[in-house]
Amino acid sequence: MLSKRILTYKAKGHLKKNVIPRGSMSYNMVSNVGIVFTIDTREKHEIIKSFVKSLEEDGKKVDVLAYLPQKKENHEFLFDFFTEKDISFWGKFNSDFVTKFTNKSFDYLFYIDEQSNLLIQNVLAMSKAKCRVAKFDESNEKFCEMMVQVPGKGQLKKLVEEMYRYTKILS
């Protein structure tokens, strides 16, 4: 596993360097949406696919990037992904998928995980997205413009529904 200290240091550096104007915007004006998440269960995979479908039905262009932890199965190989092997000892991403994803100017970038992940927080810090949306967690505070709170664990479907609902309210 990569050093937590190095990843935390890198994330702070990315946040400092990344001076993209941030803020929410009307959902009706949104055209490009990104989704980033950690690959976990088949159920989570289906929830993400369903969310992508809803966004596309609303006329949004959706790009998805996933982090594949060790000993997890990549269901369907439907989404671009990266692993720890794509990150140098010093915390630099060596993945074309990550570079391409973080250089896109998303209107909204949804981070869909129940537990925060330093690797994905680095992706959020590097991102050029205007509004980054995640589950409420103090460690996500520096990386997101909007956070959604859902009670309890195992509420991923509810989290996605609430993210979708609150961003649509911004019409």
Side-chain angles (χ1 to χ4, degrees), residues 1-2 4 7 11 27 30-87 91 93-137 139-140 143-170:
M1 176 65 186
L2 293 160
K4 189 174 182 178
L7 288 173
Y27 186 79
V30 169
S31 58
N32 295 316
V33 175
I35 297 173
V36 63
F37 71 102
T38 302
I39 294 172
D40 194 11
T41 63
R42 169 65 80 177
E43 178 188 11
K44 183 176 185 179
H45 183 75
E46 294 301 324
I47 290 168
I48 301 291
K49 280 177 35 180
S50 175
F51 187 40
V52 168
K53 184 178 179 198
S54 296
L55 292 166
E56 288 176 341
E57 286 172 353
D58 290 346
K60 314 304 180 202
K61 183 182 179 316
V62 183
D63 289 292
V64 181
L65 179 68
Y67 163 59
L68 178 62
Q70 291 178 346
K71 300 179 183 168
K72 290 288 182 180
E73 179 184 343
N74 191 354
H75 311 283
E76 296 182 58
F77 290 89
L78 185 62
F79 306 122
D80 292 342
F81 68 96
F82 67 96
T83 67
E84 284 184 22
K85 292 177 184 173
D86 295 314
I87 304 162
F93 285 88
N94 300 316
S95 164
D96 289 339
F97 291 138
V98 173
T99 302
K100 190 173 97 181
F101 189 83
T102 57
N103 284 325
K104 288 190 179 173
S105 296
F106 296 116
D107 297 315
Y108 281 111
L109 174 55
F110 294 96
Y111 171 28
I112 304 176
D113 274 344
E114 289 193 283
Q115 287 191 308
S116 296
N117 178 318
L118 265 170
L119 296 174
I120 294 182
Q121 286 176 336
N122 272 269
V123 170
L124 293 172
M126 292 186 301
S127 170
K128 297 189 179 359
K130 294 178 185 110
C131 183
R132 300 163 296 179
V133 183
K135 179 180 180 186
F136 177 79
D137 182 332
S139 70
N140 285 335
F143 305 99
C144 298
E145 287 66 50
M146 181 187 298
M147 292 192 287
V148 176
Q149 187 164 10
V150 290
K153 287 204 176 250
Q155 298 289 326
L156 190 68
K157 185 173 175 142
K158 181 74 172 162
L159 173 65
V160 171
E161 288 169 355
E162 292 297 293
M163 286 178 167
Y164 186 56
R165 184 170 78 91
Y166 282 116
T167 52
K168 284 189 85 164
I169 286 174
L170 296 172

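Keep in mind that the numbers below use all heavy atoms, side chains included, and drop hydrogens, waters and symmetry copies. Bear in mind that the values here come from a model prediction, so they are computed numbers and not experimental data.
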* Which pairs pass salt bridge (charged side-chain N to carboxylate O under 4.0 Å, His left out) with one or both residues in residues 36-48, sequence neighbours excluded? ->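 Pairs touching residues 36-48 that pass the test: Asp40-Lys72, Arg42-Glu46, Arg42-Glu76, Lys44-Asp113, Glu46-Lys49.
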Close side-chain approach of [X] and [Y], heavy atoms under 4.5 Å:
X      : Y      : answer
Val148 : Phe110 : no
Gln121 : Leu118 : yes
Asp86  : Val98  : no
Tyr67  : Val123 : no
Ile35  : Leu55  : yes

Closest contact, heavy atoms only, [X] versus [Y]:
X      : Y      : value
Val33  : Val30  : CG2-CG1, 3.6 Å
Leu109 : Leu124 : CD2-CD2, 3.7 Å
Ala125 : Arg132 : CA-NH1, 4.1 Å

* Given side chain to side chain contact (heavy atoms under 4.5 Å, CB included), test Asn32 with Lys104 step by step and report yes or no. => CA-CA 9 Å; Asn32 295 316; Lys104 288 190 179 173; over 6 Å; no
In Å, rounded to the nearest 0.5 Å, how long is the span from [atom1] of [X] to [atom2] of [Y]?
X      : Y      : atom1 : atom2 : value
Leu68  : Asn74  : CG    : CG    : 5.5 Å
Phe101 : Ser127 : CZ    : OG    : 6.5 Å
Leu159 : Met163 : CG    : CE    : 4.0 Å
Ile48  : Lys53  : CD1   : NZ    : 15.5 Å
Thr83  : Gln70  : OG1   : CD    : 8.5 Å

* Asked: Residues in side chain to side chain donor-acceptor pair (under 3.5 Å) with Lys130, at least two apart?
  ->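 Once residues adjacent in sequence are excluded, the partners of Lys130 under the side chain to side chain donor-acceptor pair (under 3.5 Å) criterion are Asp107.
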* Mind checking side chain to side chain donor-acceptor pair (under 3.5 Å) for Ser95 and listing every partner two or more places apart, or none if nothing turns up? =>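 Not a single residue meets the side chain to side chain donor-acceptor pair (under 3.5 Å) criterion with Ser95.
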[X]: side chain to side chain contact (heavy atoms under 4.5 Å, CB included) partners, not counting sequence neighbours:
X      : result
Asp137 : Ser116, Ser139, Asn140
Ser54  : Tyr164
Lys158 : Val150, Gln155, Glu161, Glu162
Asp80  : Leu65, Phe97, Lys100

* Asked: What pairs with Phe37 under ring-ring contact (aromatic ring centres under 6.0 Å, His included), at least two apart in sequence or on another chain?
  ->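 For Phe37, the residues satisfying ring-ring contact (aromatic ring centres under 6.0 Å, His included) (neighbours in sequence not counted) are Phe79.
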* **Contacts of Phe93 that satisfy ring-ring contact (aromatic ring centres under 6.0 Å, His included) - sequence neighbours left out** =>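 Phe93 satisfies ring-ring contact (aromatic ring centres under 6.0 Å, His included) with Phe82 once adjacent residues are dropped.
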Output all residues satisfying salt bridge (Lys or Arg N to Asp or Glu O under 4.0 Å) with [X], sequence neighbours left out; order by chain, then residue number.
X      : result
Lys128 : none
Asp58  : Lys168
Lys60  : none

* **Residue Asp96 excluded, over 12 heavy atoms near CG under 6.0 Å** =>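 No, not enclosed.
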* Validation row, ring centre Phe143 to ring centre Tyr111 under 6.0 Å ->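 No; Tyr111 has its ring centre 6.0 Å or more from that of Phe143.
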